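Small disclaimer: the values here were computed from a predicted structure and weren't measured. Every chain is numbered from 1, with letters handed out A, B, ... down the list of sequences.
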There are 2 protein chains.
Amino acid sequence: MSVQDKNNQPEENSRRMELVRAAAKLFRDQGYERTTVRDLGNAVGLQSGSLFYHFRTKEEILVAVMALGISATTEQLGATIARARNPRDKLSALFHVHLSSLLGDNQAALEVMLYEWRSVSAAAKPGLIVLRDRYEALWQEVLDEAAAAGLVKQDTRLLRRTLLGSLHWSVQWYKSEGELSVDELAERMLALVLLK
Amino acid sequence: MSVQDKNNQPEENSRRMELVRAAAKLFRDQGYERTTVRDLGNAVGLQSGSLFYHFRTKEEILVAVMALGISATTEQLGATIARARNPRDKLSALFHVHLSSLLGDNQAALEVMLYEWRSVSAAAKPGLIVLRDRYEALWQEVLDEAAAAGLVKQDTRLLRRTLLGSLHWSVQWYKSEGELSVDELAERMLALVLLK
DNA sequence: GTCTATAACGGGATAGAC
DNA sequence: GTCTATCCCGTTATAGAC
């Protein structure tokens with residue numbers, strides 16, 4: 001069973017999902033290495049030993065967290081783009097979906113994906129890279145269309161990388177208690193890149 | 001003795017500096033938690049116990065690494081800006097210095113600063129935040145000047161954050177073996193933000 | 001499917017000799 | 001300033017009862 005299979009059917013085995021969601025928060029807050037299997041068990045009301053009925057190793061939990069975060073975001077982005085009627089709306093979707101995922105629903109899992117990459121074993125990386133590439137391919141398509149329509153500059157491959165960097169970095173400084181909503185932030189970041 | 005004092009005089013105690021540099025590489029490659037004091041000792045030809053003559057705790061080494069990375073970069077940026085003759089040259093300096101530091105000289109230490117923040121104790125954070133704020137203040141000044149000269153858009157506070165995010169992210173994908181030099185990359189990233 | 005108990009190991013840090 | 005030896009603790013993972 002591949003990484004993707006496990007997470008495209010969230011209904012299967014709700015105990016697993018419950019654990020993955022709890023792990024996402026713990027890994028984000030404390031880091032993967034500092035989070036013990038006892039912490040994980042505690043979070044879902046299990047003894048540490050019982051975890052190993054659901055996952056073979058602690059790392060398997062980490063991979064499941066990352067796969068969930070990126071898959072869910074890709075799905076949302078795909079659906080939103082499909083509904084958009086023109087290049088401008090698709091471009092806007094990139095910012096809104098990415099930020100609402102990163103600063104909202106999938107915050108914990110995506111932060112883990114961004115900051116715990118080094119803890120993923122070489123064996124598990126390829127599967128996750130496939131998922132990431134799928135997400136970035138969506139971005140590339142939309143940016144190419146936007147450039148063709150004169151909405152953004154032509155250097156779209158570098159543009160994709162700089163924009164993704166900008167958006168990722170927002171988790172470091174954005175405060176939901178501040179005056180700026182996530183959607184407002186998306187609009188202002190979009191404005192910075194539009195040629196008008 | 002404060003964090004800054006220790007690192008503004010690199011001559012004092014070259015054993016310390018040797019250790020900090022080696023630690024930067026290990027922390028970047030393996031992560032702080034996965035790097036043991038035995039690894040650190042090995043890297044400089046010391047037994048693990050001997051490290052504790054130079055530093056009281058492992059975390060003190062982490063803080064020294066971060067302080068070194070950010071201080072050295074701030075110094076370089078300050079010096080380069082001082083030599084620049086107009087807003088356009090100062091703006092350009094932001095990109096060139098940041099990237100040559102992040103992808104060159106101070107790569108390891110700066111990556112540790114970006115990716116191991118969670119491992120810094122609450123007690124040590126304020127000192128590092130002061131150093132980071134000093135660096136970002138330089139950026140803000142230059143961007144404000146550039147906006148006043150019509151070189152970039154007016155939303156300079158958000159612009160600072162998005163640009164720093166873009167630049168930080170470059171460590172994730174830039175390959176020095178590729179066709180693109182660091183200076184060329186800086187120019188192309190600058191071009192993406194210029195209003196022409 | 002979960003619990004208890006524990007194996008097997010490696011971690012940071014200290015003490016005292018040199 | 002460095003080494004050796006070691007303390008003490010927490011870690012992941014397993015085994016077998018229930």
Side-chain angles (χ1 to χ4, degrees), chain A residues 1 6 9-66 112 116-124, chain B residues 1 6 9-66 112 116-124:
Chain A
M1 197 184 224
K6 279 183 188 152
Q9 298 134 14
E11 352 285 350
E12 67 126 336
N13 205 339
S14 82
R15 204 81 168 108
R16 256 186 85 100
M17 277 302 290
E18 188 191 352
L19 181 51
V20 169
R21 286 188 209 287
K25 291 211 176 70
L26 286 169
F27 290 164
R28 174 197 54 182
D29 294 340
Q30 313 178 351
Y32 171 73
E33 293 289 345
R34 295 173 94 92
T35 301
T36 69
V37 292
R38 290 173 181 84
D39 292 335
L40 294 170
N42 258 329
V44 293
L46 284 183
Q47 295 301 311
S48 64
S50 308
L51 294 179
F52 294 92
Y53 170 80
H54 301 281
F55 293 90
R56 258 173 323 187
T57 64
K58 183 185 166 191
E59 197 218 347
E60 210 173 277
I61 304 179
L62 175 65
V63 173
V65 166
M66 292 183 174
V112 171
E116 299 292 348
W117 189 250
R118 246 178 341 209
S119 294
V120 178
S121 68
Chain B
M1 200 184 223
K6 278 182 190 153
Q9 297 131 19
E11 351 286 350
E12 67 126 332
N13 206 340
S14 82
R15 204 79 168 110
R16 257 186 84 101
M17 278 300 291
E18 188 189 352
L19 180 51
V20 170
R21 286 188 210 285
K25 290 209 178 69
L26 286 170
F27 290 163
R28 174 196 54 182
D29 293 340
Q30 314 179 351
Y32 171 73
E33 294 288 345
R34 294 173 94 92
T35 303
T36 69
V37 292
R38 289 169 180 84
D39 291 336
L40 293 170
N42 258 330
V44 293
L46 283 183
Q47 295 301 313
S48 64
S50 308
L51 294 179
F52 294 91
Y53 170 80
H54 300 281
F55 293 89
R56 259 174 320 189
T57 64
K58 183 186 167 193
E59 197 218 348
E60 210 172 276
I61 304 179
L62 175 64
V63 173
V65 166
M66 292 184 175
V112 171
E116 297 293 348
W117 188 249
R118 248 183 338 213
S119 295
V120 178
S121 69

Completion exercise
When Glu33(B) and Gly49(A) are each assigned the nearest nucleotide of DNA chain C, the 5'-most assignment goes to Gly49(A)
For [X] against [Y], the heavy-atom pair lying closest together:
| X | Y | answer |
| --- | --- | --- |
| Val37(B) | Leu51(B) | O-CD1, 3.2 Å |
| Glu59(A) | Ala124(A) | OE2-CB, 3.7 Å |
| Phe55(A) | Ile61(A) | CG-CG1, 3.5 Å |
| Thr35(A) | Lys58(A) | O-NZ, 2.8 Å |

Exercise for the section: Report the residue (Thr36(A) or Gly45(B)) whose heavy-atom-nearest nucleotide on DNA chain D is the more 5′ of the two. Expected result: Gly45(B)
Handout entry: Along DNA chain D (nearest heavy atom to each residue), the more 5'-positioned of Leu46(B) and Glu59(A)
Key = Leu46(B)
Whole Å only: how far is the [atom1] atom of [X] from the [atom2] atom of [N]?
| X | N | atom1 | atom2 | answer |
| --- | --- | --- | --- | --- |
| Leu40(B) | dG12(C) | CG | P | 8 Å |
| Leu51(B) | dG11(C) | CG | P | 13 Å |
| Arg56(B) | dA15(C) | CZ | P | 15 Å |
| Asn42(A) | dT11(D) | CG | P | 11 Å |
| Phe52(A) | dT6(C) | CZ | C1' | 14 Å |
| Glu60(B) | dG12(C) | CD | C1' | 14 Å |
| Tyr53(B) | dG12(C) | OH | P | 22 Å |
| Gln47(A) | dG1(C) | CD | C1' | 13 Å |

Problem - Phosphate-side-chain proximity, Arg15(A) and dT2(C), N/O vs OP1/OP2 below 4.0 Å - result: yes
Fill in the blank from the handout: From the candidates dT2(D), dA13(D), dT2(C), the one with an atom nearest any side-chain atom of Thr57(A) is dA13(D)
Practice task
Could you name each residue pair satisfying salt bridge (charged side-chain N to carboxylate O under 4.0 Å, His left out) that touches residues 32-43 of chain B, not counting sequence neighbours?
Solution key: Glu33(A)-Arg34(B), Arg34(A)-Glu33(B)
Exercise for the section: Please confirm whether the backbone N or O of Leu62(A) pairs with a side-chain atom of Glu116(A), one donor and one acceptor, at under 3.5 Å? Expected result: no
Practice task
Please answer whether the main-chain N or O of Val112(A) pairs with a side-chain N or O of Tyr32(A) as donor and acceptor at a distance below 3.5 Å.
Solution key: no
Exercise for the section: Would you mind classifying the nucleic acid contact of Ser50(A) as base, sugar-phosphate or nothing, using non-hydrogen atoms under 4.0 angstrom? Expected result: base
Exercise for the section: Ignoring hydrogens and angles, answer whether the base of dG12(C) and the side-chain atoms of Arg38(B) contain a donor-acceptor pair closer than 3.5 Å. Expected result: yes
Completion exercise
the helix from dG1(C)-dC18(D) to dC18(C)-dG1(D): angle between terminal helix axes, five bp per end, to the nearest 10 degrees, reads 10°
